[in-house]
Amino acid sequence: MQAAPVRATAIPSFTTALRAVESLLMSGGQRTARRNAWTSVLEDRRRAKDRVETQRVLDENVLHRP
C-alpha cells in the first residue's frame with residue numbers, strides 16, 4: 001500500500017499576508033501613499049544614522065589634531 005502523495009504548498013510570509021489584507025481594505029492610491037510614506041521613514045532613519053556616524057568621525061578628527 002502506497003502513501004498518498006504529499007503536496008508542498010508555500011505558507012505566505014507575514015508581509016505577504018499583510019499586503020493581501022491591505023489590498024482588500026485600501027484602494028490603490030492609498031496603498032501607494034502608505035508605501036511611499038514608509039519608504040520615506042526608512043530613508044530618514046538612514047540619513048540620521050549617517051549624520052551620527054559623520055559627527056563621530058569629525059569629533060575623532062578634532063580630538064586627534066596636533
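Reckoned from all heavy atoms, side chains included, excluding hydrogens, waters and symmetry mates.
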Subject >> Note: R47-D44 ion pair, threshold 4.0 Å (strictly below) >> reply: yes
Original post:
Is there a side-chain contact between V52 and R56 (heavy atoms, below 4.5 Å)?
Top reply: no
Subject >> Residues that V57 engages under side-chain contact (heavy atoms from CB on, under 4.5 Å), provided they are two or more places apart >> reply: E53, N61
**OP:** Could you grab the distance from atom OG1 of T39 to atom CD of E43, nearest 0.5 Å is fine?
**Re:** 9.0 Å
Original post:
In Å, rounded to the nearest 0.5 Å, how long is the span from CZ of R51 to OG1 of T54?
Top reply: 9.5 Å
Original post:
How does the hydrophobic cluster around L18 look, that is, which other residues are in it when side-chain heavy atoms under 4.5 Å mark a link?
Top reply: F14
Subject >> R35: salt bridge (charged side-chain N to carboxylate O under 4.0 Å, His left out) partners, not counting sequence neighbours >> reply: E22
